[in-house]
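Notes follow once the structure below has been shown.
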Protein chains: 2
Amino acid sequence: MVTKQFSGSAEDADLRRADSLAREIFSDVANKWALLIIEALGEGTLRFSELRSRVEGISHKMLTQNLRMLERNGLAERTVYPTVPPRVEYTLTEAGHGLRATVDGMCDWTYRYFRHIETARRRFEA
Amino acid sequence: MVTKQFSGSAEDADLRRADSLAREIFSDVANKWALLIIEALGEGTLRFSELRSRVEGISHKMLTQNLRMLERNGLAERTVYPTVPPRVEYTLTEAGHGLRATVDGMCDWTYRYFRHIETARRRFEA
DNA sequence: CAGTATCCTTTGTGATACTG
DNA sequence: CAGTATCACAAAGGATACTG
């Protein structure tokens with residue numbers, strides 16, 4: 001996805017399309033808020049307000065925006081219960097869970113290496 | 001990292017510090033360009049100009065900026081050969097390779113689900 | 001409660017020019 | 001070649017008010 005090396009042949013058209021789509025999806029998903037939301041939903045279904053308080057520091061707007069994006073890409077599912085007041089629940093789809101697994105890995109990595117990184121930073125400031 | 005639930009106890013101070021640092025690192029690293037650079041460096045050492053052409057669409061400025069950030073956090077190492085013209089090589093550290101493994105997973109995920117996502121998008125536009 | 005719309009500020013980004 | 005600095009612009013983000 002990073003490096004693109006295609007010849008001009010016809011069979012490559014499909015590969016090129018797949019690649020540019022993959023890159024587009026990657027760009028959508030590879031951002032802080034999206035990944036944190038996915039991580040939060042990994043534990044199970046959550047309401048909008050629950051998500052808002054679990055994802056530390058996210059604004060109302062960013063949450064809405066990213067949830068729409070996740071829904072659009074089929075990573076999260078939105079269920080509306082037509083009660084008063086309304087109740088809206090979000091849950092990960094199969095694709096969403098697939099991505100969550102990799103985000104879990106990223107979180108693990110963060111905890112495994114944060115001391116490492118702390119000292120690297122001190123070294124860098126010199 | 002997503003959800004923070006601490007009591008006021010003293011032993012939690014360390015956990016809270018670790019958590020906020022983890023979150024900070026996550027925020028640094030969870031962005032498109034950083035992840036694509038790490039993915040590119042996964043294949044081996046690359047020069048600045050090589051990286052620039054491998055990471056499709058990145059600007060000179062963003063590349064520099066992200067490389068500094070990766071260096072500061074100890075994920076990439078910068079080696080300068082004092083020749084004329086200068087030659088600068090970048091390579092992943094152990095921590096960097098650890099992260100790369102998870103990014104690989106993310107790329108794999110992208111290719112595994114892109115058809116899925118394509119149809120989800122069409123459904124969403126309705 | 002959940003969501004949209006608006007305004008406004010901050011940050012990200014690209015283009016360009018310049019230096020060792 | 002690699003890097004810094006600057007400028008101009010676009011996009012991200014936050015706060016607020018309003019609606020069903």
Side-chain angles (χ1 to χ4, degrees), chain A residues 2 23-38 40-41 44-73 75-92 124-126, chain B residues 2 23-38 40-41 44-73 75-92 124-126:
Chain A
V2 180
R23 176 61 175 275
E24 193 190 322
I25 294 165
F26 191 89
S27 297
D28 263 12
V29 144
N31 84 73
K32 189 175 77 166
W33 293 131
L35 297 183
L36 288 173
I37 290 170
I38 285 168
L41 286 176
T45 299
L46 289 173
R47 301 182 59 172
F48 184 87
S49 50
E50 291 170 334
L51 267 172
R52 181 133 154 67
S53 56
R54 293 220 185 190
V55 180
E56 182 82 10
I58 197 168
S59 70
H60 190 135
K61 185 181 176 178
M62 284 301 100
L63 182 54
T64 307
Q65 210 166 95
N66 280 278
L67 282 171
R68 287 297 157 275
M69 181 272 285
L70 293 176
E71 204 191 341
R72 179 173 111 87
N73 288 322
L75 307 192
E77 230 164 56
R78 179 169 175 270
T79 313
V80 183
Y81 298 94
T83 57
V84 173
R87 177 186 185 84
V88 182
E89 292 186 346
Y90 292 91
T91 187
L92 290 184
F124 187 81
E125 312 309 340
Chain B
V2 179
R23 176 61 176 277
E24 194 191 320
I25 294 164
F26 191 89
S27 298
D28 263 11
V29 144
N31 84 73
K32 187 174 80 166
W33 294 131
L35 297 183
L36 289 173
I37 290 170
I38 286 168
L41 286 177
T45 299
L46 290 173
R47 299 181 60 172
F48 184 88
S49 50
E50 291 170 335
L51 267 171
R52 181 132 155 67
S53 57
R54 294 220 183 188
V55 180
E56 182 83 12
I58 196 168
S59 69
H60 190 136
K61 185 181 176 180
M62 284 301 102
L63 181 54
T64 308
Q65 211 166 92
N66 279 279
L67 282 172
R68 287 297 158 277
M69 181 274 284
L70 293 176
E71 204 191 341
R72 178 174 111 89
N73 288 323
L75 307 191
E77 229 163 56
R78 180 169 174 270
T79 312
V80 183
Y81 299 94
T83 58
V84 172
R87 176 187 185 85
V88 181
E89 291 187 345
Y90 292 91
T91 186
L92 290 184
F124 187 81
E125 313 308 342

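Residue numbers start from 1 in every chain, and the chains themselves are labelled A, B, ... in the order their sequence lines are given, proteins ahead of strands.
- At least one side-chain nitrogen or oxygen of A:Arg78 sits closer than 4.0 Å to the OP1 or OP2 atom of C:dG3.
- The separation between A:Lys61 atom NZ and C:dG3 atom P is 16 Å, rounded to whole Å.
- Rounded to whole Å, the distance from NE2 on B:His60 to P on D:dT4 is 8 Å.
- Taking atom CD1 on B:Ile58 and atom C1' on C:dA15, their separation rounds to 15 Å, with Å as the unit.
- Atoms CZ and OG1, from B:Arg78 and B:Thr91 in turn, are 14.0 Å apart once rounded to the nearest 0.5 Å.
- Here the C1' atom of nucleotide D:dA2 and the CG atom of B:Asn66 are 16 Å apart, to the nearest Å.
- In this structure, C:dT6 and D:dA15 make a Watson-Crick or G-U wobble pair, each of the two defining distances being under 3.5 angstrom.
- Comparing A:Glu50 and B:Asn31, the nucleotide of DNA chain C nearest to each residue sits closer to the 5' end for A:Glu50.
- Between D:dA2 and B:Thr64, no contact under 4.0 Å exists linking OP1 or OP2 to a side-chain N or O.
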query: side chain to side chain contact (heavy atoms under 4.5 Å, CB included) between B:Thr79 and B:Thr45: does it pass, once the steps are laid out?
result: CA-CA 10 Å; B:Thr79 312; B:Thr45 299; over 6 Å; no
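- Taking atom CD on A:Gln65 and atom P on C:dA2, their separation rounds to 18 Å, with Å as the unit.
- Residue whose closest nucleotide on DNA chain D sits further toward the 5' end, between A:Pro86 and A:Lys32: A:Lys32.
- Pairing for C:dG20 goes to D:dC1, judged as Watson-Crick or G-U wobble with the two contacts each under 3.5 Å.
- Taking only side-chain nitrogens and oxygens, B:Arg47 comes nearer than 4.0 Å to OP1 or OP2 of D:dA2.
- Taken from CZ in B:Phe26 to CG in B:Asn31, the straight-line distance is 11.0 Å, to the nearest 0.5 Å.
- B:Arg52 comes within 4.0 angstrom of nothing in the nucleic acid, heavy atoms only.
- Rounded to whole angstrom, the span from the CG atom of A:Leu51 across to the C1' atom of C:dA2 amounts to 12 Å.
- Atom CG in A:Leu63 sits about 14 Å away from atom P in D:dA15, given to the nearest Å.
- The distance from atom OG1 of A:Thr64 to atom CG of A:Leu67, rounded to the nearest 0.5 Å, is 7.0 Å.
- Here A:Tyr90 reaches the OP1 or OP2 of C:dG3: one of its side-chain N or O atoms lies under 4.0 Å away.
- Rounded to whole angstrom, the span from the CE atom of B:Met62 across to the C1' atom of C:dA15 amounts to 12 Å.
- When distances are taken from the side chain of A:Phe48 to each of C:dC1, D:dT4, C:dA2, the shortest belongs to C:dA2.
- Using modelled atom types, no side-chain atom of B:Arg54 and backbone atom of B:Leu46 make a donor-acceptor pair closer than 3.5 Å.
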